[in-house]
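Just below is one structure, and these are the notes that go with it.
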Amino acid sequence: MRAVVVHPPAVGVELADVPLPTRSVGEIRVRVLECGVCGTDHDIVGGKYGRAPEGASYLILGHENLGVVLEGDPAVVGFSPGDLVVATVRRGCGRCRFCFANRSDFCESGGYTERGIVGAHGFMAEQYTDVPEYLVRVDPALRDVAVLLEPLSVVEKAIFQGQRVLNRKEPTPGHPPTGSPSALVAGTGAIGMLAAFVLRVRGYEVVAIDRHDDTTPAGRLLKRIGATHVNAAAGLAVLGEQGFDLVIEATGSVSLDFGLANVLGPNGVLVLTGIPDASVPPTTVAAGALWREVVLGNRAIVGSVNANRTYFESGLRDMTVFQEKWPGALAGVISLRRPLAEVADAVLEHVGGSIKTVLEVTPPRTSAPSAG
Ligand SMILES: [Zn+2]
Ligand SMILES: [Zn+2]
């Protein structure tokens, strides 16, 4: 079968012919329809990240996936050929207490694998096989947007974690803060945009910042969902004196992260989701003032990565709400669909103003003879 292959830590990516995966007892065979491309793929292709499976000479790339069930196992109930499915990414280490509790996103041994990233083949291939516990069935009504479910799951977890910390000040644990909470989203790539969608349906007043004016697709989409877009190219001073209850960071910029700690309101929570480059040179920060404000204002800084199955399921529920509230808006997060053969361009080029590029692993059926 055709697959997008990398050889970490070597730089580069290629389309290769690899063997079809064999289906073990209890597994389901899935034909891949689409795969989203993200910064992690870019880093793997750039040789900064990623690891081939044990004993393999290559890694099949791709973790943001949507597929259709081809073949099940008679012993497996709940999946039939033709069902749309999205696979989760992380596979637990099998030895730590969190992985035992199906919460591999909190794995503490570090011995996990991630499909398409570390130690397990990904989804930029014609087919894959997996056990049903890692497959989430998708309503056909969400066909056009379901490839966004994996990045949405990451956002669902980050916001849930942030809200858990915010809720610590509530008299009754588990209840959201009263009044109209405010949120800042830093970065308008797919993670930032999806965070704005989720925060809006959670009742937040949302401000989203990037380094562009309002005429970009992200700027227009934010307006559509009732969020405020601000061009912060000249710095965070443009935000004025407002302190935010919840800040979701989705850029991985080290210097920005410190600035974001300073726009937290009293009791505010900053959730970091961008993965900074560990090799950036040390920066100077006013550490005394920063930690003083954290303590005196009950502020918190939380890191969040990956997602377990529950966040894929909450993501599906939210997708349905987005579609009802702003019909067609979620599809606007996907800027570009490209055929599998254009993977190198899709991973390496950044088309200006584009939010998310999706690779069509299985070419969509065309109703008329195509011109090309
Ligand atoms: Zn991704
Ligand atoms: Zn573990």
Side-chain angles (χ1 to χ4, degrees), residues 4 6 8 13 32 34-46 48-51 54 59-67 86-125 128 133-134 136 145-158 187-195 197-198 248-252 272-277 304-312 315 333-338 343 346-348 350 354-359 361:
V4 174
V6 289
V13 61
V32 179
E34 296 181 331
C35 252
V37 175
C38 86
T40 302
D41 300 313
H42 189 273
D43 286 350
I44 295 170
V45 170
K48 290 185 193 156
Y49 204 65
R51 196 179 73 230
E54 198 93 348
L59 170 73
I60 298 177
L61 194 65
H63 57 278
E64 303 183 1
N65 66 94
L66 172 66
V86 170
T88 64
V89 173
R90 189 174 285 189
R91 306 290 174 260
C93 69
R95 56 180 194 270
C96 86
R97 55 196 168 144
F98 292 98
C99 289
F100 271 121
N102 290 326
R103 302 190 68 187
S104 63
D105 58 316
F106 281 108
C107 178
E108 57 185 357
S109 78
Y112 57 80
T113 60
E114 289 178 340
R115 293 201 68 156
I117 304 173
V118 281
H121 285 315
F123 307 107
M124 286 181 190
Y128 71 89
E133 68 175 293
Y134 299 127
V136 180
V145 289
V147 71
L148 296 172
L149 184 57
E150 192 280 334
L152 178 58
S153 74
V154 170
V155 167
E156 293 275 335
K157 175 181 171 181
T188 58
I191 296 289
M193 292 302 293
L194 293 170
F197 273 78
V198 174
I248 303 291
E249 178 276 337
T251 69
L272 303 176
T273 75
I275 302 175
D277 183 343
S304 181
V305 71
N306 189 253
N308 63 46
R309 187 186 177 99
T310 57
Y311 300 111
F312 283 75
V333 174
I334 300 172
S335 309
L336 209 57
R337 281 186 160 87
R338 308 181 78 146
V343 60
V347 174
L348 296 172
H350 185 80
S354 135
I355 305 171
K356 170 67 71 186
T357 297
V358 167
L359 283 175
V361 180

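Counting starts at 1 for both ligands and their atoms, in listed order. Just so it is clear, the values below take in all heavy atoms, side chains as well, and ignore hydrogens, waters and symmetry mates. Index from 1, following the sequence.
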Answer yes or no on whether Lys157 is positioned over the face of Phe106, meaning its NZ or CZ is under 6.0 Å from the six-membered ring centre and within 45° of the axis.
yes
Got a donor-acceptor contact below 3.5 angstrom from the His63 side chain to the Val89 backbone? no
Between Cys107 atom SG and Cys99 atom SG, the angle centred on the Zn ion (ligand 2) rounds (to 10°) to 100°
Using the Zn ion (ligand 2) as the apex, give the angle to atoms SG (Cys93) and SG (Cys96), rounded to 10 degrees.
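Nearest ten degrees: 110°.
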How many degrees, to 10°, between His63 NE2 and Glu64 OE2 as seen from the Zn ion (ligand 1)?
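About 120° at the Zn ion (ligand 1).
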Q) Does a side-chain heavy-atom distance below 4.5 Å link Glu114 with Arg91? A) no
Only one of Asn306, Thr88, Asn308 passes side chain to side chain donor-acceptor pair (under 3.5 Å) with Asp105, and that residue is Asn308
